[in-house]
*Asks:* 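What follows is a single structure, and I will ask about it in a moment.
In what follows, every chain begins at residue 1, and chains take the letters A, B, ... in the order their sequences are listed.
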Protein chains: 2
Amino acid sequence: MGCKITAFQEEQKKRMRSVQDAMDALNGKWKIAIISSICCYGKRRFSDILNDVEGVSNRMLSKELKELETNQLIKRTILDTQPISVQYELTAHGNTLQNIISSLSDWGIVHRKKIIGK
Amino acid sequence: MGCKITAFQEEQKKRMRSVQDAMDALNGKWKIAIISSICCYGKRRFSDILNDVEGVSNRMLSKELKELETNQLIKRTILDTQPISVQYELTAHGNTLQNIISSLSDWGIVHRKKIIGK
DNA sequence: CTGAATCCAGATGGATACTG
DNA sequence: CAGTATCCATCTGGATTCAG
């Protein structure tokens, strides 16, 4: 079993893993909205994002921001203000998401029309 | 509050919703693998996919297939065999996912190199 | 063979209160 | 302001069993 097609199957596995890596980086209830907010304004403070993203709690915002930072999609800067404020911006790597997000958005629009109606 | 930028904000909201629609359609632990399996072979039976997708249980396979069918990404056909067998294939709409999946895969490869190392 | 039903553990996310 | 800590409800997915 699995002789000639093994190499092909390995390719498939890698492909699936890559897609999953991408999905994981984008997953979580608020990540897309958070990225949009930051991307939109260039630089954005914690409390700004908290207002931009309708419905998110500070707990979840903090959590998702941390994950985005771990994935090097955003950069966190503590500003020397009184009281303290923290600024977030997309990294170069985070900016490469824009193509993906555009593709997903385009497909999502078609998909919604197809499934829900219009 | 929110006067001139309202239209812009509305655009943003739509965009975010579209991305989310796309993510929802692709989400779930096994969907990518299931789509890959079906896509790969063109037509595939339940038990074939169960073997292709390493680790999936029949419960989850059934569930994810149903969601994919609800989203009109795959077509389900009952074959008149004894015992009964069921064939799955991508719909035209499901095939339009290939671009998205390619984009995600490409980005995922870069992302993995960036984050994990290589 | 192709599922559906049940049970159960762990992950996810909301509400609230608290800290530096 | 920018989080952290705690508690709790819901969701997700695995194992197993049952059914057409």
*Asks:* Touch check for B/Ser62, heavy atoms < 4.0 angstrom, all strands: base, sugar-phosphate only, or nothing?
*Replies:*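 Counting heavy atoms under 4.0 Å across all strands, the contact made by B/Ser62 is with sugar-phosphate only.
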
*Asks:* Assess the residue pair B/Asn71 and B/Glu67 against the criterion (side chain to side chain donor-acceptor pair (under 3.5 Å)); give the C-alpha distance rounded to whole Å, side-chain angles, the decisive distance to 0.1 Å, and a yes or no.
*Replies:* CA-CA 6 Å; B/Asn71 280 326; B/Glu67 290 173 16; over 6 Å; no

*Asks:* Classify the nucleic acid contact of A/Arg45 as base, sugar-phosphate or nothing, counting any heavy atom under 4.0 Å across all strands shown.
*Replies:* sugar-phosphate

*Asks:* Is the phosphate of D/dC1 approached by A/Tyr88 (side-chain N or O, under 4.0 Å from OP1 or OP2)?
*Replies:*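 Negative; the distance criterion is not met.
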
*Asks:* Give a yes/no on whether any side-chain N or O of A/Arg76 is located under 4.0 angstrom from OP1 or OP2 of D/dG3.
*Replies:*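 For D/dG3, OP1 or OP2 has a side-chain N or O of A/Arg76 closer than 4.0 Å.
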
*Asks:* Using 30° and 60° as the class limits, which term best fits the ring planes of A/Tyr88 and A/Phe46: parallel, tilted or perpendicular?
*Replies:* tilted

*Asks:* Quick one: are B/Glu89 and B/Thr77 in side-chain contact, heavy atoms under 4.5 Å?
*Replies:*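 B/Glu89 reaches B/Thr77 side chain to side chain.
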
*Asks:* Let me know, please, whether A/Ile84 or A/Asn58 comes out on the 5' side of the other along DNA chain C by nearest nucleotide.
*Replies:*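 Result of the comparison: A/Asn58.
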
*Asks:* Please give, in whole Å, the distance from C/dC1 C1' to B/Asp48 CG?
*Replies:*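 After rounding, the gap between these two atoms is 11 Å.
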
*Asks:* Within less than 4.0 Å of OP1 or OP2 of C/dT12, is there a side-chain N or O belonging to A/Trp30?
*Replies:*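 Checking A/Trp30 against C/dT12: no side-chain N or O falls below 4.0 Å of OP1 or OP2.
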
*Asks:* Can you measure from CG (B/Asn51) to OG (B/Ser37) and round to the nearest 0.5 angstrom?
*Replies:*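 Separation between the atoms: 9.5 Å.
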
*Asks:* Answer with base, sugar-phosphate or nothing: what part of the nucleic acid does A/Ser47 contact at a heavy-atom distance below 4.0 Å?
*Replies:*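 Since only primed, P, OP1 and OP2 atoms lie under 4.0 Å of A/Ser47, the category is sugar-phosphate.
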
*Asks:* Quick check on D/dG3: is either OP1 or OP2 less than 4.0 Å from any side-chain nitrogen or oxygen of A/Lys66?
*Replies:*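 So the side-chain polar atoms of A/Lys66 never come under 4.0 Å of the phosphate oxygens OP1 or OP2 of D/dG3.
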
*Asks:* Report yes if at least one side-chain N or O of B/Lys29 is closer than 4.0 Å to OP1 or OP2 of D/dG14; otherwise report no.
*Replies:*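 Result: yes.
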
